[in-house]
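Below is one structure, written out as structure tokens; the observations come after it.
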Amino acid sequence: MAQESPKNSAAEIPVTSNGEVDDSHEHGFNRDLKRSLPAGLGLSETQITSHGFDGTKEGVTEAGAFQGSPAPPLPSVLSPSRVAASQLAQQGSDLIVPAGGQRTQTKSGPVILADEIKNPAMEKLELVRKWSLNTYKCTRQIISEKLGRGSRTVDLELEAQIDILRDNKKKYENILRLAQTLSTQLFQMVHTQRQLGDAFADLSLKSLELHEEFGYNADTQKLLAKNGETLLGAINFFIASVNTLVNKTIEDTLMTVKQYESARIEYDAYRTDLEELNLGPRDANTLPKIEQSQHLFQAHKEKYDKMRNDVSIKLKFLEENKVKVLHNQLVLFHNAIAAYFAGNQKQLEQTLKQFHIKLKTPGVDAPSWLEEQ
């Protein structure tokens, strides 16, 4: 048995508690094996490839019981010994958990983070999940209301005020378009009158026999053009004020109304969910869902009440501002139109001074920002 080739026998490689090879058995054989072992070989590796052990052939030396006689090869996967298990247990006992919730190993091994640290990707995924769930509930509520199956919360007084505001906005937009059309047409007329006055003035200089007649007409057309420019300034001021009222003040209120309507839909959607859960059975599985639905319903109810209060306040201030603005602008528009067509130039100019309207002199460049300061 001592003369048999090493490749036909399986020798046991004893392992100490420190994971090192015991040199007490076959010192020379184990020294060669140590040289051929790769660095960092773990305890779980059970096969060791021996190259050129007998000088002529290659073989695989497998860990097994050393009996000094030929024995069949053992399986390549072996269960860890008690010594290795105790060593792993000792390594596991070296982990210390500090108060901050992060585990660190004092001797060696990877750092393990506690589960309390949140993952940003998981947070985003949770936000997307909540948004999708909320969108689904609101869409279902809208479809149910349009089909006449779902109930909706209605504030009759507030809804009536909102309907009146939307209807008034359409009417004010129509007035605004007509005033802009009038301004454009008046500008064209004033431009034509100015050109006509220049033509009459030129002919009055070149036609001596009609000098006075051409001169009268030139002065009249220039006066009409000047009064038309004054009226045009009043109309443009009226347009700018109404445009601010319609496209800024009223539009801002309607944006708040849209937010109120969205809050109302969410409130009704979660109210419907809570009502459906309350109609169902109450057991260990449904009670947590009912409690969570009650919490969400209360949160959306507070949001709905807040938005309803905001809309009421904005509608009140809008009504006061609208009356004040339109009162001044309608008085301006009436006095300017009446003075223009009556030919009362003094009254027309007095109207513009009353509303602090400054006209731009034709042919004069706008003042620089230093002059405006």
Side-chain angles (χ1 to χ4, degrees), residues 167-252 318 321-373:
D167 185 62
N168 288 337
K169 183 175 183 291
K170 293 180 180 179
K171 295 179 179 179
Y172 295 155
E173 288 175 344
N174 184 40
I175 291 177
L176 189 60
R177 284 192 297 268
L178 294 174
Q180 291 172 345
T181 302
L182 178 62
S183 175
T184 303
Q185 294 173 349
L186 181 61
F187 174 80
Q188 295 294 335
M189 186 181 72
V190 170
H191 181 68
T192 303
Q193 288 175 339
R194 189 182 299 110
Q195 290 181 338
L196 187 58
D198 293 339
F200 283 148
D202 182 62
L203 288 173
S204 68
L205 297 177
K206 296 180 180 180
S207 301
L208 298 179
E209 63 278 6
L210 298 174
H211 171 72
E212 292 183 359
E213 289 78 358
F214 280 124
Y216 292 152
N217 283 278
D219 293 340
T220 301
Q221 294 300 322
K222 289 181 179 179
L223 180 62
L224 289 175
K226 181 180 179 181
N227 292 339
E229 291 174 354
T230 305
L231 177 61
L232 189 62
I235 293 177
N236 289 335
F237 185 78
F238 171 81
I239 291 173
S241 300
V242 175
N243 181 67
T244 301
L245 175 65
V246 173
N247 294 322
K248 290 186 178 179
T249 309
I250 296 180
E251 187 64 27
D252 178 70
L318 175 63
N321 187 30
K322 181 191 71 174
V323 172
K324 181 179 179 181
V325 170
L326 288 181
H327 171 76
N328 294 334
Q329 296 304 317
L330 291 174
V331 170
L332 165 68
F333 191 83
H334 171 268
N335 293 342
I337 292 290
Y340 173 78
F341 284 98
N344 193 343
Q345 180 182 2
K346 184 177 180 180
Q347 181 64 31
L348 183 60
E349 293 177 353
Q350 186 65 29
T351 300
L352 268 67
K353 291 180 180 179
Q354 178 183 355
F355 291 91
H356 306 286
I357 301 174
K358 295 182 180 180
L359 297 179
K360 180 181 178 182
T361 305
V364 179
D365 296 334
S368 64
W369 63 274
L370 288 175
E371 294 175 349
E372 291 179 352
Q373 296 296 330

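On a predicted model such as this, the values are computed, not experimentally measured, just so you know.
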Chi angles and distances behind the side chain to side chain contact (heavy atoms under 4.5 Å, CB included) call for Leu232, Val190
CA-CA 9 Å; Leu232 189 62; Val190 170; 5.5 Å; no
Show, in sequence, the C-alpha distance, side-chain angles and deciding distance for Glu251 and Lys169, and conclude whether the side chain to side chain contact (heavy atoms under 4.5 Å, CB included) test is met.
CA-CA 9 Å; Glu251 187 64 27; Lys169 183 175 183 291; 3.2 Å; yes
Before you tell me yes or no, could you show the steps for Asn243 and Lys248 under side chain to side chain contact (heavy atoms under 4.5 Å, CB included), namely the whole-Å CA-CA distance, both residues' side-chain angles and the distance that decides it to 0.1 Å?
CA-CA 8 Å; Asn243 181 67; Lys248 290 186 178 179; 5.8 Å; no
Steps toward side chain to side chain contact (heavy atoms under 4.5 Å, CB included) verdict (Leu210, Leu203):
CA-CA 8 Å; Leu210 298 174; Leu203 288 173; over 6 Å; no
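Taking a 6.0 Å sphere around CZ of Phe355, one finds it holds more than 12 heavy atoms contributed by other residues, nucleotides or ligands.
Using a 4.5 Å heavy-atom cutoff, the side chains of Asn168 and Lys322 are in contact. Contact of the Leu348 side chain with the Gln345 side chain is not registered, since no non-hydrogen atoms from C-beta on lie closer than 4.5 Å. Within the 4.5 Å cutoff, the side chain of Tyr172 has heavy atoms near those of the Leu326 side chain.
Looking at Asp167 and Lys171, a side-chain N of the basic residue comes within less than 4.0 Å of a carboxylate O on the acidic one, giving a salt bridge. Ion pair Lys353/Glu349 not flagged as a salt bridge, since none of the NZ, NE, NH1 or NH2 atoms sits closer than 4.0 Å to an Asp/Glu carboxylate oxygen.
Looking at Asn217, its side chain does come within 3.5 Å of a backbone N or O of Glu213 through a donor-acceptor pair. Side-chain N or O atoms of Ser183 include none that pairs as donor or acceptor with a backbone N or O of Gln180 at under 3.5 Å.
Between the side chains of Gln354 and Gln350, not a single donor N or O lies within less than 3.5 Å of an accepting N or O.
With sequence neighbours excluded, the residues forming a side-chain contact (heavy atoms from CB on, under 4.5 Å) with Gln347 are Ala339, Asn344, Thr351, listed by chain and number.
Atoms CG and CG, from Leu178 and Asn174 in turn, are 4.5 Å apart once rounded to the nearest 0.5 Å. From Leu224, atom CG reaches atom CG of Asp219 across 11.0 Å, with rounding to the nearest 0.5 Å. Here Thr192 contributes atom OG1 and Phe187 contributes atom CZ; the two are 9.5 Å apart, rounded to the nearest 0.5 Å.
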